[in-house]
Number of protein chains: 2
Amino acid sequence: MLSNSSKYALKAVLYLAVNSSQATKIMAKDISEPTNIPKAYLSKILQELSRHNIVSSVRGPGGGFYLSDSNREVHLMDIIHIIDGDNRLTSCMLSLQECNAEHPCPMHDLVGDTKVNFVKNLENTTIEDLVSDIKAGKSFLPL
Amino acid sequence: MLSNSSKYALKAVLYLAVNSSQATKIMAKDISEPTNIPKAYLSKILQELSRHNIVSSVRGPGGGFYLSDSNREVHLMDIIHIIDGDNRLTSCMLSLQECNAEHPCPMHDLVGDTKVNFVKNLENTTIEDLVSDIKAGKSFLPL
DNA sequence: TCCTTTATATGATATTTATCATGTTTCCCT
DNA sequence: AGGGAAACATGATAAATATCATATAAAGGA
């Protein structure tokens, strides 16, 4: 479904969303440990996200990663696009070019609206939305 | 979503379902061409499927692959399981061990029932079901 | 200014997935 | 029998993904 890298990216960003702020930056190491993401790999992912303004960062002592207010308005799909590219989720079940409602592949209806809806959800949901759910006890931060 | 190999497997089996019978066997090469699946790779996949009794085959002149009546009752998920293993589709969005309706990860609800339904469809749908759809003009054989 | 601490950039290794190649077995045909 | 046509088995290569390692740049404090 998602690549490992995307899953790590989402977990890390969620961790930052819950635990960080401009005043409370978190070092890669301190994200890596609780989330069980290999430190070096995580660093690379965070850098990629930073380059695309998904997360914020400052170097040097007292530095680290955090989410600014605007970072929190990022949509989940943005993160996935950056890491996985943009056709991993949206392509047809059988990777066919011509597969649509008018000319469906045999598996088209099995997925049906479900995938469309899911993608739509990813496009509409922001990090902040998920944080609200967590704070409301509707879901739990993945560790 | 699915691995390349699974997609190839599904396409090849569907091709056989529509075009082959015990009396009309098809060589790997003649499946490879119309479906645009690399011949050598396809052969390997077909052998794996044959070993698991998903497709039938006979060697020697006049031989080839075909689907027996019982092959046609195979469920789509069986094919995917053989090629991709059994947790690529069913695992949580973030690959968490403990993610369920009682203890959902933040993305759990985004997928919602959609994935559950999709998996259920794969488990319930047989090759023959898809062939019926194709014959009824509801969908088109992927080439 | 210099040292430490942290992110950043870049590249190296490993693992998985996809693809190709080559020999072996089985079966039909003559 | 023997030769050719096919699947079958096995292993080699290539490409993508995941992981690790090392050097550089920025920032703060002594």
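Chain A is the first sequence line, chain B the second, and so forth, proteins listed ahead of strands; every chain is numbered from 1.
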I need the [atom1]-[atom2] distance between [X] and [N], as an integer number of Å.
| X | N | atom1 | atom2 | result |
| --- | --- | --- | --- | --- |
| A:Asp84 | D:dT17 | CG | P | 8 Å |
| A:Met27 | C:dT4 | CE | P | 17 Å |
| B:Glu48 | D:dT10 | CD | C1' | 13 Å |
| B:Lys25 | D:dC8 | NZ | P | 12 Å |
| B:Ile83 | C:dT19 | CD1 | C1' | 15 Å |
| B:Leu46 | D:dA6 | CG | P | 15 Å |
| B:Asn87 | C:dT16 | CG | P | 13 Å |
| B:His52 | D:dC8 | NE2 | C1' | 15 Å |

Under 3.5 Å: donor-acceptor pair, side chain of B:Asp84, backbone of B:Ile80: no
Any donor-acceptor pair under 3.5 Å from A:Ser56 side chain to A:Leu67 backbone: no
- request: Could you tell me which non-hydrogen atom of A:Val55 sits nearest to which non-hydrogen atom of A:Leu46, and how far apart they are?
  value: CG2-O, 3.8 Å
Shortest non-hydrogen contact from A:Phe118 toward A:Met1: CE2-CE, 4.4 Å
- prompt: When the nearest nucleotide of DNA chain C is assigned to B:Arg88 and to B:Pro38 on a heavy-atom basis, which residue is associated with the more 5' position?
  reply: B:Arg88
message: Pairing donors with acceptors under 3.5 angstrom, does anything connect the side chains of B:Ser3 and B:Tyr8?
response: no
Per [X] side chain, nearest of listed nucleotides [options]:
| X | options | result |
| --- | --- | --- |
| A:Arg51 | D:dT19, D:dA18, C:dA9 | C:dA9 |
| A:Asn4 | D:dA18, D:dT19, C:dT19 | D:dA18 |
| A:Lys44 | C:dC20, D:dA7, C:dA12 | C:dA12 |
| A:Pro61 | C:dT5, D:dT10, D:dC20 | C:dT5 |
| B:Gln47 | D:dC8, C:dA18, C:dT10 | D:dC8 |

- prompt: Base, sugar-phosphate alone, or nothing: which one does A:Lys39 contact when heavy atoms must sit under 4.0 Å apart?
  reply: nothing
- request: Select base, sugar-phosphate, or nothing to describe what B:Ser43 touches, counting heavy atoms under 4.0 Å on all strands.
  value: nothing
Looking at [N], I'd like to know if its phosphate oxygens (OP1 or OP2) sit under 4.0 Å from a side-chain N or O belonging to [X].
| X | N | answer |
| --- | --- | --- |
| B:Ser5 | C:dT17 | no |
| B:Ser57 | D:dC8 | yes |
| A:Ser50 | C:dA7 | no |
| A:Tyr41 | D:dA21 | no |

- request: Verify salt bridge (charged side-chain N to carboxylate O under 4.0 Å, His left out) between B:Lys120 and B:Glu123, making sure each step is shown before the conclusion.
  value: CA-CA 5 Å; B:Lys120 206 176 291 178; B:Glu123 285 168 348; over 6 Å; no
message: Between the base of C:dT25 and the side chain of B:Arg59, is there a donor and acceptor pair under 3.5 angstrom?
response: yes
